[in-house]
Amino acid sequence: MSARIIDGKAIAEAVDQEVARDVQSLVQTYGAPPCLCVVLVGEDPASQVYVRNKGRRTQAAGMVSREIKLPASVSQAELEREVKALSVDPDVDGILVQLPLPAGLDSDAVIACIDPAKDVDGLTEVSAGRLVLGRPGLRPCTPTGCVILAKRTLGDLQGAHVVVVGRSILVGKPAGLLFLAEDCTVTLAHSRTRDLASVCRSADILVPAVGRPEMIKGDWIKSGAAVIDVGINRVENPIKGPGATRLVGDVAYDQAVEVAGAITPVPGGVGPMTIACLLQNTLQAACARRGWSVS
Ligand code: NDP
């Protein structure tokens with residue numbers, strides 16, 4: 001069997017277009033688009049590329065994209081002042097602080113300065129609390145993207161056994177809660193899980209979010225299961241020669257594709273969904289803050 005490939009890029013483009021349509025309708029009704037502000041600290045090349053992509057897609061969806069760039073030498077107090085100023089700026093609907101921050105800066109303290117109504121990354125304690133309580137709120141983008149990919153591929157997820165490997169605040173834990181909210185039966189596995197291969201084999205939907213290249217082998221996957229691979233790992237690419245690299249997921253893709261029923265590639269699976277969900281969250285935040293509704 002060869003698995004159906006879940007085209008994250010195409011699904012993300014569809015979500016972007018849905019957001020763009022809604023933004024257009026908001027602008028027609030209320031005369032102003034939502035505004036997303038990204039705070040980038042330091043010169044990390046991967047973060048710079050990511051922030052550029054966010055800006056491009058925010059503008060393509062018809063929203064205002066603002067960027068605040070600060071040097072890696074910025075003090076904790078100055079960074080917190082900037083984020084607090086955005087929190088009270090009436091023109092800003094969404095605030096995203098690009099993580100990780102350079103060494104020496106306390107990201108928890110910075111996140112605590114984000115007005116929860118503008119927390120489009122879903123990382124504040126208020127957003128996490130609402131997720132746990134099952135109340136409406138802004139959800140973390142990458143795990144939301146995983147659920148969208150699963151739903152658009154499989155339809156109703158009710159009763160499916162989802163195994164999430166990883167329990168980070170950013171991905172694993174919220175992914176578990178979001179699949180639970182879809183009436184799935186959820187197992188959260190982690191580095192202390194016993195017989196991880198058997199646990200993975202019990203999954204109808206397997207969501208590895210570990211950060212270990214190709215750790216999950218083909219025989220860890222139940223025949224016909226859906227695999228949503230969150231991992232993004234840069235490894236050497238011997239085919240292209242010394243120094244060349246390529247991206248792989250947490251799943252040994254060539255093996256998994258022969259066993260799974262559906263699978264996300266890396267790159268081109270979960271990755272593109274993260275920004276799509278950020279745009280969705282910005283739209284949601286703008287509507288909630290300003291009392292807008294899409295007609
Ligand atoms: P973290 O390092 O914060 O968490 C990794 C998790 O994996 C931990 O819960 C850890 O368990 C678990 N783990 C580590 N080793 C093992 C093992 N041998 N067996 C089972 N579980 C293990 O990573 P993140 O959650 O931030 O990211 C995970 C991956 O997702 C990374 O590759 C990252 O690049 C990628 N990512 C992709 C995004 C996207 O847009 N597609 C966005 C964010 C992340 P324990 O808690 O016990 O230590």
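Every number for a ligand or one of its atoms is a count from 1 in the order of the listing. Worth knowing before you read on, the calculation uses all heavy atoms, side chains too, and leaves out hydrogens, waters and symmetry mates.
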Could you go through the side chain to side chain contact (heavy atoms under 4.5 Å, CB included) check for Leu70 and Leu40 one step at a time?
-> CA-CA 6 Å; Leu70 299 167; Leu40 175 63; over 6 Å; no
Does a donor on one side chain and an acceptor on the other come within less than 3.5 Å for Glu13 and Gln17?
-> no
Please report which non-hydrogen protein atom sits nearest to atom 19 (N) of ligand 1, along with the residue it belongs to and the distance in Å to one decimal place.
-> Leu196 CD2, 3.7 Å
Is there a heavy atom of Met273 sitting under 4.0 angstrom from any atom of ligand 1?
-> no
Can you tell me the protein heavy atom closest to atom 12 (C) of ligand 1 and the distance?
-> Gly166 CA, 4.0 Å
Electrostatic pair Lys84-Asp89, nearest N-O below 4.0 angstrom = no
Nearest non-hydrogen protein atom to atom 8 (C) of ligand 1, with distance, is Arg167 N, 4.0 Å
Do Asp250 and ligand 1 have an N or O pair less than 3.5 Å apart?
-> no
Among Val165, Leu188, Thr193, Leu206, side-chain contact (heavy atoms from CB on, under 4.5 Å) partner for Val199 | Thr193
Nearest candidate to atom 14 (C) of ligand 1, where distance is taken over non-hydrogen atoms, out of Val171, Val210, Ile169 | Val210
Any idea which protein heavy atom is nearest atom 31 (C) of ligand 1, and the distance to it?
-> Gly211 CA, 3.6 Å
Should Met215 be counted as touching ligand 1, given the test is an N or O pair under 3.5 Å?
-> no
Near Arg212 (heavy-atom distance under 4.0 Å), the atoms of ligand 1 are 14 (C), 15 (N), 16 (C), 18 (N)
Derivation of the side chain to side chain contact (heavy atoms under 4.5 Å, CB included) call for Asp229 and Val270 = CA-CA 7 Å; Asp229 189 354; Val270 175; 5.7 Å; no
Take Leu196 and Met215 through the side chain to side chain contact (heavy atoms under 4.5 Å, CB included) test and state the conclusion after the steps.
-> CA-CA 11 Å; Leu196 183 60; Met215 181 186 93; 3.7 Å; yes
With a 4.0 Å cut-off, would you call Asp91 and Arg66 a salt bridge?
-> no
Top protein contact for atom 41 (N) of ligand 1, by heavy-atom distance | Ile232 CD1, 3.5 Å
Gly271 near ligand 1, heavy-atom distance under 4.0 Å?
-> yes
Ligand 1 and Thr274, any nitrogen or oxygen pair closer than 3.5 angstrom?
-> yes
Hey, does Arg192 come in under 3.5 Å of ligand 1, counting only N/O atoms on both sides?
-> no
Contacts under 3.5 angstrom, residues 131-146 side chains, donor-acceptor by atom type, not counting sequence neighbours:
from	atom 1	to	atom 2	distance (Å)
Arg139	NH1	Arg135	O	3.1
Arg139	NH2	Arg135	O	2.6
Thr142	OG1	Thr274	OG1	3.0
Thr144	OG1	Pro140	O	2.6

Between Thr193 and ligand 1, which part of the residue brings a heavy atom under 4.0 Å of the ligand: side chain, backbone, both or neither?
-> neither
Quick one: do Asp93 and Arg289 make a salt bridge, cutoff under 4.0 Å?
-> yes
What residue and atom, counting heavy atoms only, is the protein's closest point to atom 11 (O) of ligand 1, and at what distance?
-> Ser191 N, 3.4 Å
Pair Lys69 + Glu67, salt bridge at N-O below 4.0 Å = yes
Between Gly145, Ser168, Pro272, which one has a non-hydrogen atom sitting closest to atom 25 (O) of ligand 1?
-> Ser168
